[in-house]
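Atoms within a ligand are numbered from 1 in the order they appear, just like the ligands themselves. We count residues from 1, following the sequence as given. Nothing here was measured: the structure is a model prediction, and the numbers come from that model.
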Amino acid sequence: MSLIKDSTVALITGASSNLGFNIAVRLLEQLPQDKDITLIVTSRTLPKAKDSINDIKKFITEKLPQKRGQVEFDYLLVDFTDMVSVLSAYYELSKRYKHLDYFFVNAAQGVYSGIDWVAATVEVFKNPVEAVTSPTYKLQQVGRKSGDGLGLVFQANVFGPYYLIHKLKPLLSNGGKIIWISSLMSQPKYLSFNDLQLVKSPASYEGSKRLVDLLHYGTYKSLKQNYGIESYVVHPGIFTSFSFFQYLNFFTYYGMLVLFYMARWLGSPYHNIEGYIAANAPVAAALGRVKQNEKVGSATTASGKEYLLVEDTIDTTGSSDVVKYLESLAEEWDDKFKDQIVNSRQ
Ligand SMILES: NC(=O)c1ccc[n+]([C@@H]2O[C@H](COP(=O)([O-])OP(=O)(O)OC[C@H]3O[C@@H](n4cnc5c(N)ncnc54)[C@H](OP(=O)(O)O)[C@@H]3O)[C@@H](O)[C@H]2O)c1
């Protein structure tokens, strides 16, 4: 149980990311003043979990001093590409908490091998706005599997979080909210129904985000009806990501930023650039300003004024197939974990 009684409990996966940090701070800014808050950050490593907490504490000291004493921190080490780690996260959370108010599914990864610089240059010259809106020059590895034998990106971005939520339904029931972070890039063309684990796909990251959309649309009504859980799907637009820095040098990083600003000035509503603006839609969804049947994105005007943009109707074809597939895979893992429980005293 949370150490602070009656506090609002929010879990943010991948809180060390630019978006994760900004979801945390925006949530602290916008939750009612009189509410105590427990923030649970997740990371795969202890140093990053500690850094996330320290960064948020620093923000509170500098920008939200009125919140000091009202925020309790907790962390959870979880790697979504490792089912034992996901199951341990569930055990830990159910030992420590009776209820979860918010679950932000923010952690995600791609398996990038670099950038096709020739294709990138051609794209930038042909259509600079498109080149930094729907880039096709980020090279992704094909066929990567996790140690559990599942498609790596599928497990990291879809099945791992899905399985944790599946186990945590009792804690989320009666008012808990799930906020799935999707992407602008989640077009139907990136997902083949013959390859739901995305192992043959050269665009597994985008395919995983399409799965997130379909998963949300295939489950939000039954989650509400059967458990009183509200599910939302949002996207953060485009912003600077810490994880992609490794592929850029000083010149390409600033080159990318110039193109981002150019795209924004030329009318792209999605070039939020800052993580703070990108976190607008996720927090708006959590605080009830978004409809469950709409995919809402964080957007900005040319001058950097944020707003929420409802995406055109999402094509939900195949959502029930995706849900069926995930449900049966979850049952398979429930069984595997049951078989692994042995009586060591015999
Ligand atoms: N950047 C963009 O323009 C953009 C656009 C559309 C959507 N998004 C989405 O926005 C979210 C945040 O993006 P970002 O660019 O800020 O993130 P990021 O810098 O790529 O960081 C991702 C976070 O996810 C965690 N993570 C990665 N793999 C994991 C795994 N296997 N298990 C557990 N945690 C894992 C990492 O935590 P640790 O390293 O601490 O473990 C990290 O904090 C993601 O869902 C992303 O897909 C981003």
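- Residue contacts with ligand 1 for Lys209 involve side-chain atoms from C-beta outward but no N, CA, C or O (heavy atoms, distance under 4.0 Å).
- Considering only residues two or more places apart in sequence or on other chains, Lys295 meets the salt bridge (charged side-chain N to carboxylate O under 4.0 Å, His left out) condition with Asp213.
- Taking the charged nitrogens against the carboxylate oxygens, Lys95 and Glu92 do have a contact shorter than 4.0 Å, which makes a salt bridge.
- Summarising the contacts of atom 24 (O) of ligand 1 with Ala107, Pro282, Ser146, the nearest heavy atom is found in Ala107.
- In this structure, the protein non-hydrogen atom closest to atom 4 (C) of ligand 1 is Phe239 CE2, 3.3 Å.
- Residue contacts with ligand 1: Phe80 is placed with a nitrogen or oxygen under 3.5 Å of a nitrogen or oxygen of the ligand (distance criterion only).
- No donor-acceptor pair closer than 3.5 Å links the side chain of Asp36 to the backbone N or O of Asp6.
- Using a 4.0 Å cut-off to heavy atoms of Ser182, the atoms of ligand 1 that qualify are 7 (C).
- When hydrogens are left out, the protein atom nearest atom 21 (O) of ligand 1 is Ser17 CB, 3.2 Å; that is the closest non-hydrogen contact.
- Distances shorter than 4.0 angstrom do not occur between any heavy atom of Gly20 and any atom of ligand 1.
- For the atom pair OG (Ser186) and NZ (Lys209), the distance works out to 9.0 Å, reported to the nearest 0.5 Å.
- A salt bridge does not link Asp55 to Lys58: none of the charged nitrogens lies less than 4.0 Å from a carboxylate oxygen.
- Taking any N or O of Thr240, backbone or side chain, none lies under 3.5 Å from an N or O belonging to ligand 1.
- Neither the backbone nor the side chain of Leu184 has a heavy atom within less than 4.0 Å of ligand 1.
- The shortest non-hydrogen separation linking Val296 to Val290 is CG2-CG1, 3.8 Å.
- A salt bridge links Arg26 with Glu306: the distance from a Lys NZ or Arg NE/NH1/NH2 to an Asp or Glu carboxylate oxygen falls below 4.0 Å.
- Figure legend: cation-pi geometry between Lys167 and Tyr90, with NZ or CZ positioned under 6.0 Å from the six-membered ring centre and within 45° of its axis.
- For the pair His216 (side chain) and Gln292 (backbone), a donor-acceptor distance under 3.5 Å is present.
- Counting protein heavy atoms only, atom 31 (N) of ligand 1 is closest to Gln109 OE1, 2.8 Å.
- The nearest protein atom to atom 15 (O) of ligand 1, hydrogens excluded, is given as Ser241 OG, 2.6 Å; this is a heavy-atom distance.
- The residue among Gly237, Gly14, Ser183, Ser298 with a heavy atom at the shortest distance from atom 5 (C) of ligand 1 is Gly237.
- Between Tyr162 and His166, the angle of the ring planes stays under 30°, which puts this pair in the parallel group of the 30/60° scheme.
- Ranking protein heavy atoms by distance to atom 42 (C) of ligand 1, first place goes to Ser16 OG, 3.8 Å.
- Nearest non-hydrogen protein atom to atom 12 (C) of ligand 1 is Asn106 OD1, 3.1 Å.
- At least one N/O-N/O distance between Asp79 and ligand 1 falls below 3.5 Å.
- Atom 46 (C) of ligand 1 has Tyr205 OH, 3.3 Å as its closest protein atom, hydrogens excluded (heavy atom only).
- In terms of N/O distances under 3.5 Å, ligand 1 is approached by Arg44.
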Mind running side chain to side chain contact (heavy atoms under 4.5 Å, CB included) on Lys67 and Glu29 for me, showing each step along the way? CA-CA 9 Å; Lys67 285 275 178 195; Glu29 286 173 343; over 6 Å; no
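- Remark: minimum distance from atom 40 (O) of ligand 1 to any protein heavy atom is reached at Ser43 OG, 2.6 Å.
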